[in-house]
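Note: hydrogens, waters and symmetry copies are ignored here, and every other heavy atom, side chains too, is used. Note that the numbering runs from 1 along the sequence shown for the chain. In each ligand, atom 1 is the first atom listed, and ligand 1 is the first ligand listed.
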Amino acid sequence: MGCFLFPYVIFHFLLFNFPLYTCLCNHHDKSSLLQFKSSVTVNTSHYYSWLDDVCSSFSSKTESWTNGTNCCEWNGVTCDMAGNVIGLDLSCSHLQGQFHPNSTIFSLKHLQQLNLAYNDFSGSSLSSGIGDLVNLVHLNLSYSVFNGDVPSTISNLSKLVSLDLSSDWGSVDDPMPLYLSIKIDPYTWNRLIHNATKLREIHLDGVDLSSITENSLLLLPNLSSTLVSLSLSNTKLHGKFPSGVLSLPNLQKLDLSSNEWLRGELPKSNLSTLMRHLDLSDTAFSGEIPNSIGHSKSFNYISLRNCKFGGLIPSSLFHLTQLSLLDLSGNGLVGPISSTITQFPKLHTLQLAGNKLNGTIPSWCYSLPFLSHLFLNDNQLTGSVGEFSTHSLKYLDLSRNKLQGDFPNSILELENLVGLSLSSNNLTALVDSHQFSKLKNLLLLDLSHNAFISINFDNNADILPNLQFLYLSSCNISTFPKFLASVKNIEVLDLSNNKIRGSIPQGFHEQLLHWKDIETIDLSSNKLQGDLPIPPSGTAHFLISNNEISGDISSKMCNASSLRILNLAHNNLTGHIPQCLGTFPSLEVLDLQMNNLHGNIPQNFLEENAFETIKLNDNKLKGPLPQSLAHCTKLQVLDLGNNDIEDTFPHWLETLQELQVLSLRSNKFHGVITCFGTEHPFPMLKIFDVSDNNFSGPLPASYIKNFQGMMNVSDNQTRSLYMGTHGLYNDSIVIVMKGQHMKLERILTAFTTIDLSYNMFEGEIPEAIGELISLKGLNLSHNEISGTIPQSLSHLRNLEWLDLSWNQLKGEIPMALSSLNFLAALNLSQNQFEGVIPTGGQFITFENDSYAGNPMLCGIPLSKSCNEDKEWSSISRLDDEESGFGWKVVTVGYACGMLFGIISGCHLFFIGKPQWLATLVEAVFNVRMTKQKA
Ligand SMILES: *[C@@H]1O[C@H](CO)[C@@H](O)[C@H](O)[C@H]1NC(C)=O
Ligand SMILES: *[C@@H]1O[C@H](CO)[C@@H](O)[C@H](O)[C@H]1NC(C)=O
Ligand SMILES: *[C@@H]1O[C@H](CO)[C@@H](O)[C@H](O)[C@H]1NC(C)=O
Ligand SMILES: *[C@@H]1O[C@H](CO)[C@@H](O)[C@H](O)[C@H]1NC(C)=O
Ligand SMILES: *[C@@H]1O[C@H](CO)[C@@H](O)[C@H](O)[C@H]1NC(C)=O
Ligand SMILES: *[C@@H]1O[C@H](CO)[C@@H](O)[C@H](O)[C@H]1NC(C)=O
């Protein structure tokens with residue numbers, strides 16, 4: 001959200017307020033100054049643009065420095081009565097060049113104030129000569145492009161009151177030409193703190209203090225009677241920060257921000273009562289915020305953003321009448337926001353986002369006179385949003401809460417608004433686009449994902465001219481917003497999940513070419529028709545899936561070579577796939593599934609590419625497969641199912657280390673599947689689907705033996721619950737389970753299946769299959785497989801469905817299969833099995849159709865009994881347990897496997913099963929299950 005970044009303004013000037021004496025300056029000092037002047041150049045062209053924000057005016061102070069004049073009258077120079085130079089302020093002077101180790105500045109022995117901030121000393125190191133300036137009281141060398149270790153002689157400066165060596169380059173936009181860092185080692189730090197006992201201000205932002213230990217930090221309270229301001233932001237400090245420092249009696253400003261490894265707590269009681277500015281953001285400070293924080297009445301700035309604080313927000317915080325900024329976002333705070341405040345007359349920024357706050361938005365939030373930033377997003381706030389009576393608001397973010405009721409119309413009157421986000425709540429509103437006409441400054445508008453928001457864009461109103469980020473997903477929009485044609489500079493356009501019908505206006509196709517900064521265009525899930533719009537060349541994400549777009553993918557698409565996500569799935573696109581798509585260097589997701597594309601798959605995938613997901617399934621593509629697919633070393637999902645590809649098995653893909661899903665389903669692949677000889681072929685594969693092809697020969701035992709990704713992968717071993725982490729795009733897959741096509745909208749990483757059905761495989765089921773312990777589904781049906789079921793199949797303890805139907809299997813069904821506790825679907829029909837059907841475990845739940853077409857099978861549930869004795873003995877064994885069905889048997893029998901449950905809802909199991917059983921299972925497993933009949 002670029003528009004919420006504010007330039008980090010740094011004002012650490014030492015303002016020199018000295019009376020000017022008109023005495024004649026001392027010759028030595030004058031010549032030292034002139035020599036210094038000649039050692040540097042004044043360069044007004046080369047400087048960093050961010051300096052504009054900091055140095056309100058640049059001046060070439062040294063221009064007035066000429067030999068013939070009195071140096072005490074030169075710009076930036078201050079003398080004492082005797083004509084000694086005691087003050088030198090060359091901040092913001094465009095100076096450039098090396099700072100000489102023997103610089104004549106170090107010979108200005110009377111100097112009390114030295115300010116060289118905001119110049120460019122080109123990575124010079126600071127030499128030990130600085131220790132010669134023993135009279136220095138104020139030293140400011142900040143942001144002057146110094147580099148390297150601070151010399152230990154700095155500890156000679158025992159009179160120092162303020163020290164500023166900040167060089168926090170991380171917070172400015174311009175990249176630095178060199179890698180620079182000023183370092184202070186523990187030896188120098190310890191000597192400095194020991195000796196410079198008058199220090200009141202220490203500003204070392206961005207200085208490398210990584211070697212400073214907890215013990216050295218413990219010296220800081222040495223400065224107890226003097227320290228007023230301590231700023232150590234972004235210094236790589238780590239360990240525990242001594243909480244005593246926060247209690248130093250004179251401390252007014254403490255900035256420890258951006259030290260993610262720095263731990264600490266706020267003191268329970270005696271936080272400095274003079275504290276005005278406290279910034280602990282982006283540190284590991286934790287614990288509760290003590291109520292005593294409200295005793296420091298001078299506070300005007302409190303930022304505890306992105307720390308680890310928990311507990312309630314102390315109510316005393318809401319009685320700090322000076323306060324102008326309060327940022328507690330990104331912690332684990334709970335409970336309500338106090339509904340009573342004393343007064344917050346100066347508060348301009350209130351950020352409580354990203355906590356677990358509940359209750360309603362207190363009414364004072366709507367009426368603070370100077371409030372400009374209100375961020376309450378990502379909490380659990382309930383109730384309705386009130387009407388705003390303050391017009392100072394610039395940024396309002398209430399997204400991702402549980403707010404409901406009507407969208408307050410007063411928001412549309414807030415003409416200073418720059419950012420407005422109310423997404424992912426339960427708000428309702430009927431808005432006509434002309435109602436946005438007052439929001440002339442709006443850069444960001446996000447109303448996505450609410451209960452019911454309907455925006456009418458029928459009229460031609462010229463609104464939102466400065467918009468850059470527009471998120472209107474699920475807003476019941478039915479016409480393409482015409483005002484977009486006059487928006488100059490959009491970066492994100494999300495109109496997904498609306499009801500926009502008909503062709504995209506010609507004007508939009510043309511406008512697209514003018515949006516140079518666009519990053520994301522998401523028009524998916526509408527009813528758009530007509531030609532495919534071509535995203536401008538810088539676009540990173542283009543999604544227009546689930547529409548009715550027709551025609552070809554124009555070769556103009558080749559200009560959009562910065563794409564990372566291209567999702568054109570579920571349309572009516574025809575023609576060929578532009579070959580250039582394989583050469584886009586950053587393309588991670590290419591999803592063209594469910595269209596009418598024909599011709600070849602792109603042939604020339606680059607050696608170094610970014611592809612993670614390629615889905616070309618359900619088109620009319622022809623083979624052969626390009627061998628260059630093997631260049632896609634980051635590929636996780638390859639789905640080429642349901643095309644007309646004629647080829648042999650692409651064994652050259654077996655080297656892909658990340659490949660988790662390979663689907664070649666329903667094509668014309670043929671031949672024998674054999675391993676090419678890689679030691680660990682397909683090491684990550686979890687879904688292997690080659691069903692409905694013309695493969696022949698034995699089952700691919702050499703692969704089955706080696707699918708590491710299906711062997712005993714414990715759930716906590718897998719990196720995340722779902723595959724694919726693209727934010728805007730979720731990997732989905734269609735699999736066939738229990739004879740039904742099912743679409744998994746997201747692919748669980750624990751989902752492991754093998755589908756070899758509908759081919760011409762022959763021979764026996766390899767014993768090695770028993771090693772694929774994580775397997776959830778196995779389908780070998782409709783082949784010519786012979787032999788018996790290997791005993792090892794009973795090792796697949798996670799198996800949820802097993803289909804061996806329509807083969808030539810024979811022999812008995814191994815009793816051991818009854819130990820497969822999650823087996824929910826079994827099809828052994830149309831084989832030549834014989835003997836008794838196992839009775840225990842899940843087998844109690846399978847019906848006749850699981851066994852049909854095996855004339856030599858007998859026992860429950862078939863009507864053909866084997867022999868009376870056996871059958872009765874098994875039933876009486878059940879009777880031995882509790883009455884009716886044994887608890888164990890019942891619960892096991894109706895337990896949903898984790899995945900089967902998540903995917904299809906347990907209701908599949910309950911079809912035709914008695915209600916009381918379902919209720920029992922719910923009670924036992926404490927789960928809620930859908931019981932509608934399909
Ligand atoms: C300044 O002028 C004096 C007297 O004219 C001369 O001796 C000296 O060298 C000059 N200094 C510089 C730095 O030009
Ligand atoms: C700095 O001055 C000292 C003593 O005058 C001299 O020995 C040294 O070489 C000088 N260093 C440089 C880099 O000029
Ligand atoms: C402390 O400062 C004094 C006076 O400048 C100096 O003589 C002494 O060496 C310094 N001590 C340390 C440990 O730096
Ligand atoms: C708010 O959260 C707190 C702490 O989690 C909880 O005790 C309280 O019941 C919640 N209140 C409401 C209104 O949900
Ligand atoms: C959303 O609001 C509607 C009524 O406006 C209510 O029926 C529904 O339960 C709410 N949903 C949630 C999740 O709060
Ligand atoms: C898709 O395109 C084909 C051929 O152009 C056409 O016959 C068919 O009706 C279109 N389908 C839809 C849903 O637009």
Exercise. Among T197, L136, N156, L157, which one has a heavy atom closest to atom 9 (O) of ligand 3?
Worked result: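 Heavy atom nearest to atom 9 (O) of ligand 3 belongs to N156.
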Exercise. If hydrogens are left out, which of N358, T360, L312 has an atom nearest to atom 1 (C) of ligand 4, that is, the closest non-hydrogen atom?
Worked result: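 Nearest heavy atom to atom 1 (C) of ligand 4 lies in N358.
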Exercise. Got the closest protein heavy atom to atom 11 (N) of ligand 3, with its distance?
Worked result: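 Answer, as residue, atom name and distance: N195 ND2, 2.8 Å.
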Exercise. Can you tell me the protein heavy atom closest to atom 5 (O) of ligand 4 and the distance?
Worked result: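 Answer, as residue, atom name and distance: V334 CB, 4.2 Å.
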Exercise. For the rings on Y395 and H373, is their centre-to-centre separation under 6.0 Å?
Worked result: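 Y395 vs H373: aromatic centres under 6.0 Å.
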Exercise. Any chance NZ of K61 has more than 12 other-residue heavy atoms, nucleotides or ligands included, within less than 6.0 Å?
Worked result: yes
Problem set entry | Within 6.0 angstrom of K356 NZ, more than 12 heavy atoms from elsewhere |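 No, NZ of K356 has 12 or fewer neighbouring heavy atoms, counting only those of other groups under 6.0 Å.
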Exercise. Does some non-hydrogen atom of the protein lie less than 4.0 angstrom from atom 14 (O) of ligand 4?
Worked result: yes
Exercise. Atom 7 (O) of ligand 4: protein heavy atom closer than 4.0 Å?
Worked result: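 It does not: no protein heavy atom is found less than 4.0 Å away from atom 7 (O) of ligand 4.
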For this session: Could you check V137, L139, V134 and say which one makes a side-chain contact (heavy atoms from CB on, under 4.5 Å) with L160?
Result: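 Single pass found, and it is L139.
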Problem set entry | Reference residue F309; test side-chain contact (heavy atoms from CB on, under 4.5 Å); the match among L328, N355, L304 |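 Of L328, N355, L304, side-chain contact (heavy atoms from CB on, under 4.5 Å) with F309 is met by L304 alone.
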For this session: Below 4.0 angstrom from a heavy atom of S158, which ligand 3 atoms are there? Numbered from 1 as shown, please.
Result: 2 (O), 4 (C), 5 (O)
Exercise. Cut-off 3.5 Å, side chains only: do D255 and S257 have a donor facing an acceptor?
Worked result: yes
